[in-house]
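Note sheet for the following structure.
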Amino acid sequence: MNGGDVATEAPAPPLEWKFSQVFGERAAGEEVQEVDIISAIEFDKTGDHLATGDRGGRVVLFERTDTKEHAGSRRELERMDYPVTRHPEFRYKTEFQSHEPEFDYLKSLEIEEKINKIRWCHMPNGALFLLSTNDKTIKFWKVEEKKVKKISNLNIDPSRAIANGSMPSSSVSSSQKKYLANGCYTDGSSDCLSNDFSFPPGGLPALHLPVVVSSSESSVAAKCRRVYAHAHDYHINSISNNCDGETFISADDLRINLWNLQISNQSFNIVDVKPANMEDLTEVITSAEFHPTHCNMLAYSSSKGSIRLVDLRQSALCDSHSKLFEEKEAPGSRSFFTEIIASISDIKFAKAGRYILSRDYMTLKLWDINMDSGPVSTFQVHEYLRPKLCDLYENDSIFDKFECCLSGDGLRVATGSYSNLFRVFGCAAGNTEATTLEASKNPMRRQVQTPSRPSRSLSSSITRVVRRGAESPAVDANGNSFDFTTKLLHLAWHPSENSIACAAANSLYMYYA
């Protein structure tokens, strides 16, 4: 791969994934609170910071520690051409309440505080900037470390005053005596300076006025700089920063708006798919993202399984797309579930922008923006669930929205599944890597193959389950059962290293290879 796009050279060997860290691990039998479930994960462009959002409206920040501790030695190792064997290690930095539950009185609608997306912004001065959004409101946050400032104590001690009125250097405890506004003591003691007191020539050298000094301690403060509200009638599903560092987009089911980071009371509607008659509505917008290097290009996906590439230079309202990417439906394969499972839940550009990764319910697809005839690669994620689509529809699992991500070098892609599993696929030419990992301290335990069994018996057992309509879990190709109540929807790949952060309920797991 060249510059973050999919490679055409010889396939790389499969990665061996190892457990790195877990934050918020719950004990066996511990009940997870709804507000603690993680709903968004995002690395910044450097990979030194990681942000998570939860259903309680909180944003939690983590910072990398291994690079800080070895900054000098890392550079020396690179000069000596020795490989750096350390893996990313993070620590808790801070957290803040980004959104609160609201109520729209005009529409009699509750607006929950759940964080839908987090996006890091350009950081010009060492402070951290990020966007967070719930269903209706986007907020721009600045997070910075500030030195704790203290007022230095007066260095006059009345108990050690000398005859000429000058005083030796020492600190005064505020608990010794109480003062009046004129500087005397409330107990009427004679330590108060008399009215006929005259300052000696040159003043009192031992008297220091209180000054504000910065201590060695520091505290992390988060401040909301701007609020972008009242621009979406439907739930916001995506926000994406532009590479120009000045603008970003927000998308809901029917519209995409363009914002300037500095202007919170005005946005421009650049895509509008709302028909004049809502009964004619056939598809909605499911995800949108700016191109990583071309500030005039963006892509958005739809519930019909298509991706549209838009060029902002063509017109102010980009209802007409530059390119359309969709896979032709196989003849005779249409069913009641066809459109539901074709809906794209997430799209991501590769680092250099040549490829787009999309996730629908059943598959991951990799698209070349120069080839709109079909995907260049398709990775089967949930094909084993096809016989259970009826059950999945009845318990609404078929509408789960799984995210996807690409490695920084573009050689691999990843996405989540049920039973807190996630899949990693190699996408270079000829690479057949397909690894299943579990969000636990032993991620590779699902790799153990069960004793082989005839495929006929496996398929027939699944068929019987569907006919009965039972709630028993599905079985994958290895014979492992799947729990549809535990799902890994959110994950992110480190921008420059083989490290993945993923959310299993309220726990954040990190792995490296």
Side-chain angles (χ1 to χ4, degrees), residues 116-117 133 135 231-240 248-258 269-291 297-312 314-315 317-330 333-350 353 355-369 371-379 381-382 389 393 396 398-406 413 415 489:
N116 290 342
K117 296 289 180 182
T133 183
D135 286 339
H232 288 277
D233 293 329
Y234 305 93
H235 291 176
I236 298 172
N237 55 48
S238 303
I239 52 175
S240 179
F248 71 94
I249 56 171
S250 59
D252 63 23
D253 292 343
L254 298 179
R255 293 187 177 93
I256 299 178
N257 292 333
L258 177 67
N269 178 228
I270 56 175
V271 175
D272 189 349
V273 300
K274 183 179 180 180
N277 185 357
M278 285 296 285
E279 293 181 357
D280 298 331
L281 182 67
T282 58
E283 63 180 333
V284 296
I285 298 169
T286 57
S287 183
E289 180 157 313
F290 260 121
H291 192 282
M297 293 175 62
L298 63 95
Y300 67 92
S301 59
S302 81
S303 57
K304 280 193 169 181
S306 61
I307 301 173
R308 290 172 172 83
L309 197 64
V310 169
D311 192 338
L312 296 176
Q314 287 185 336
S315 63
L317 187 60
C318 304
D319 287 341
S320 59
H321 50 267
S322 302
K323 284 190 176 181
L324 174 66
F325 305 95
E326 59 183 356
E327 191 170 27
K328 303 301 181 185
E329 185 180 318
S333 62
R334 189 168 186 82
S335 70
F336 173 77
F337 304 108
T338 299
E339 284 196 12
I340 300 176
I341 62 177
S343 177
I344 294 176
S345 56
D346 190 28
I347 59 170
K348 292 287 194 313
F349 273 100
Y355 294 87
I356 300 174
L357 180 68
S358 68
R359 171 68 204 267
D360 56 47
Y361 189 74
M362 305 297 283
T363 65
L364 271 174
K365 291 186 175 74
L366 192 67
W367 307 81
D368 186 339
I369 64 172
M371 187 181 79
D372 54 6
S373 59
V376 294
S377 298
T378 299
F379 309 98
V381 181
H382 281 163
L389 291 179
Y393 179 77
D396 286 341
I398 200 171
F399 302 105
D400 288 335
K401 299 183 184 304
F402 293 92
E403 294 180 359
C404 58
C405 58
L406 299 97
V413 296
T415 190
L489 301 176

Would E403 and K117 count as a salt bridge (charged side-chain N to carboxylate O under 4.0 Å, His left out) if you check the C-alpha gap in whole Å, the side-chain angles of each, and the deciding distance to 0.1 Å? CA-CA 11 Å; E403 294 180 359; K117 296 289 180 182; 3.4 Å; yes

With rounding to the nearest 0.5 angstrom, report the OG to CD1 distance, S250 to I256. 9.0 Å

Closer than 3.5 angstrom, by distance alone: can the side chain of S306 be matched with the main-chain N or O of E326 as a donor-acceptor pair? no

Flag side-chain contact, heavy atom, 4.5 Å: N237 against Y300: no

Could you tell me whether the side chain of S343 and the main chain of I340 form a donor-acceptor pair under 3.5 Å? no

Can you tell if the side chain of V310 reaches within under 4.5 Å of the side chain of I270, non-hydrogen atoms only? no

Please report the closest heavy-atom contact between A288 and S240, naming both atoms and the distance. O-CB, 4.0 Å

Got F325 and D368 here, is their nearest side-chain heavy-atom distance under 4.5 Å? no

Under a plain distance cut-off of 3.5 Å, with no hydrogens placed, do K365 and T363 share a side-chain donor-acceptor pair? yes

Under 3.5 Å, is there a donor-acceptor pair linking the side chains of T286 and S301? yes

When rounded to the nearest 0.5 angstrom, what distance separates NZ in K323 from CH2 in W367? 13.0 Å

Determine the interplanar angle of the F336 and Y393 rings, folded into 0 to 90°, and report it as parallel if under 30°, tilted if 30 to 60°, perpendicular if over 60°. perpendicular

So do F402 and Y361 actually touch side chain to side chain, heavy atoms under 4.5 Å? yes

Given side chains that start at C-beta, do those of H382 and T415 come closer than 4.5 Å, heavy atoms only? no

Over all heavy atoms of both residues, which pair between S303 and T282 is shortest? Give the atoms and the distance, please. OG-O, 4.4 Å

Are the side chains of K274 and Y234 in touch, meaning some heavy atoms are under 4.5 Å apart? yes

Distance, nearest 0.5 Å, that separates SG of C318 from CG of N269: 9.5 Å

Just by distance, do the side chain of D272 and the backbone of D319 share a donor-acceptor pair under 3.5 Å? no

Compare every heavy atom of V381 with every heavy atom of L364, then report the nearest pair and how far apart it is. N-CG2, 3.9 Å

Begin with the C-alpha distance, continue with both residues' side-chain angles, and end with the deciding distance and a verdict on side-chain contact (heavy atoms from CB on, under 4.5 Å) for R308 and L324. CA-CA 5 Å; R308 290 172 172 83; L324 174 66; 3.6 Å; yes

Rounded to the nearest 0.5 angstrom, the CE-CG distance for M297 and L309 is 4.0 Å

Smallest separation among heavy atoms of R255 and I285, with atom names: N-CD1, 3.9 Å

In Å and rounded to the nearest 0.5 Å, what is the SG to CG distance from C404 to D346? 4.0 Å

All heavy atoms of I398 vs all of L389, minimum pair found to be CD1-CD2, 4.1 Å

Is I307 close to S358 at the side-chain level, that is, under 4.5 Å between some pair of heavy atoms? yes

List the steps and the verdict of side-chain contact (heavy atoms from CB on, under 4.5 Å) for D135 and N116. CA-CA 7 Å; D135 286 339; N116 290 342; 2.8 Å; yes

Residue pair I347 / I344: nearest heavy atoms and the distance that separates them: CG2-CG2, 3.7 Å

With a 4.5 Å cut-off on side-chain heavy atoms, are D233 and L254 touching? no

Measuring from N257:CG to I239:CD1, what's the distance to the nearest 0.5 Å? 13.0 Å

